[in-house]
Amino acid sequence: MLRIGLLGCGNIGHIIARHAEGFLIPAVYDTIPERAQEIAGLCKGKAYADFTGFLEADIGIVVEAASVSAARAHAKNVLLHRKNLVIMSVGALTDQEFRDELVATAQQTGTKIYVPSGAIFGLDNLKIGQISPISKLLLKTTKSPQSLGLTAPARQRIFSGKAHECIKSYPKNVNVSVAMGLAAGKDADVELWVDPAAEKNVHELFIEGDFGETYIRVTNVPSPENPATSYLAALSILSLLKNLDSPLIIGT
Ligand SMILES: NC(=O)c1ccc[n+]([C@@H]2O[C@H](COP(=O)([O-])OP(=O)(O)OC[C@H]3O[C@@H](n4cnc5c(N)ncnc54)[C@H](O)[C@@H]3O)[C@@H](O)[C@H]2O)c1
């Protein structure tokens, strides 16, 4: 059975632990030890106080659900320990030098790096951009001002520019734009809006290319267990894990 090391025991970590069916979570790690201990209790695993001990546990894959800085700090080491890696904090991969280094390490160690679809739909077919040019790739995200630690009397745009710039200012909020760019082979344009009337996070994708055009609007329901997290993002990791070893591969 698949044996997972969980790096990050926050909202997404809790959802993964509560839905651990078809895989085991023998090892967990978080900079806040109480969080790691709580999740270890939930999934009958061990909470490691040091990252090296965590990596040396009997696990085949590390699921990062921590932060962009955690992904940057630990991803290479995970691969060097010959563990596959799921990266949720995709913003870490905007730095091309870092990304190339990780890919080279994965090639040398025979490991894989997985980027889940996260809080959007459509990442599968966006990869056609690597073959046939995408002329427009825009993510328009709307969130409540509180969720970004802001106050705003009315709907307003707080960022317009490239994904690699937006993620620097909002590392917790536009990971999906980086994933879109990686899939399409083209840095996505991002508009980030705050709206005091917004009760749910909305991602709108505008894509045009030689194939035609599409518009995808995703209204994210908060997780039933953790309202701060889009349920879809956590589900996308669970479905990735469920299908990892399947001989029938759908929608890649
Ligand atoms: N790709 C997507 O669509 C998508 C969607 C939602 C969230 N995310 C990202 O996934 C990550 C996790 O999301 P969440 O809602 O569970 O966040 P969260 O803040 O609820 O939990 C993160 C946990 O990771 C821990 N952590 C942070 N830095 C760490 C480090 N260096 N080492 C060990 N532990 C560390 C924190 O203590 C916390 O317990 C975030 O980076 C978030 O932006 C991505």
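When a ligand or atom number is given, it counts from 1 through the structure's own listing order. Because only heavy atoms are used, hydrogens play no part in the values below, and waters and symmetry mates are left out as well, while side chains stay in.
- Of all non-hydrogen atoms in Glu64 and Leu85, the two that sit nearest each other are CB-CD1, 4.4 Å.
- Between Arg35 and ligand 1, an N or O atom pair is found at a separation short of 3.5 Å.
- Note: an N/O pair closer than 3.5 Å links Ser89 and ligand 1 by distance alone.
- Looking at ligand 1, you'll find an N or O of Ala119 within less than 3.5 Å of one of its N or O atoms.
- For the pair Ile4 and Ile59, the minimum side-chain heavy-atom distance is 4.5 Å or more.
- The closest approach between Ala65 and ligand 1 falls below 4.0 Å for a heavy atom of the residue.
- With contacts defined as side-chain heavy-atom distances shorter than 4.5 Å, the pair Tyr170/Val190 does not qualify.
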Stepwise salt bridge (Lys or Arg N to Asp or Glu O under 4.0 Å) check, Glu165 with Lys168:
CA-CA 5 Å; Glu165 290 296 339; Lys168 287 182 198 160; 3.5 Å; yes

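- Checking only distances, His74 never comes within under 3.5 Å of ligand 1, N or O to N or O.
- In this structure, the ring pair (Phe, Tyr, Trp, His ring centres under 6.0 Å) partners of Phe206, at least two apart in sequence or on a different chain, are Tyr215.
- Of the polar atoms of Ser69, none of the N or O atoms is found under 3.5 Å from an N or O of ligand 1, judged by distance alone.
- Under a 4.0 Å N-O distance rule, the pair Arg72/Asp95 qualifies as a salt bridge.
- Close N/O approach between Gly8 and ligand 1 is not found [any backbone or side-chain N/O within under 3.5 Å].
- A cation-pi geometry, defined here as NZ or CZ lying under 6.0 Å from the six-membered ring centre and within 45° of its normal, holds between Lys140 and Trp193.
- Listed by number with element, the atoms of ligand 1 under 4.0 Å from a non-hydrogen atom of Val90 are 1 (N).
- Between Asn175 and ligand 1, at least one pair of N/O atoms sits closer than 3.5 Å.
- Each of the atoms 2 (C), 3 (O) of ligand 1 lies under 4.0 Å from some heavy atom of Gly118.
- Counting heavy atoms only, Ile12 comes closest to atom 7 (C) of ligand 1 of the residues Asn11, Ile12, Val115, Val68.
- The contact set between ligand 1 and Ile32, taken as ligand atoms under 4.0 Å from a residue heavy atom, comprises 37 (O).
- Distance CG/Leu248 to CG/Asn243: 8.5 Å, rounded to 0.5 Å.
- Here atom 32 (N) of ligand 1 lies nearest to Thr31 when heavy atoms of Ile237, Thr31, Asp30, Val28 are compared.
- Residue Leu241 holds its CG atom at 6.0 Å from CD1 of Ile61, rounded to the nearest 0.5 Å.
- The side-chain tip of Lys112 does not point at the ring of Tyr114 from less than 6.0 angstrom away and within 45° of straight on.
- Every atom of ligand 1 is numbered from 1 in the order shown, and the set under 4.0 Å from a heavy atom of Ala233 is 5 (C), 6 (C).
- The closest approach between a heavy atom of Ala179 and any atom of ligand 1 is not below 4.0 Å.
- Distances below 4.0 Å separate heavy atoms of Leu7 from the following atoms of ligand 1: 33 (C).
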Please walk me through it: do Asp195 and Arg155 pass salt bridge (Lys or Arg N to Asp or Glu O under 4.0 Å)?
CA-CA 4 Å; Asp195 186 343; Arg155 180 176 169 81; 3.7 Å; yes

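- Against a heavy-atom cut-off of under 4.0 Å, Tyr29 is close to the following atoms of ligand 1: 32 (N), 33 (C).
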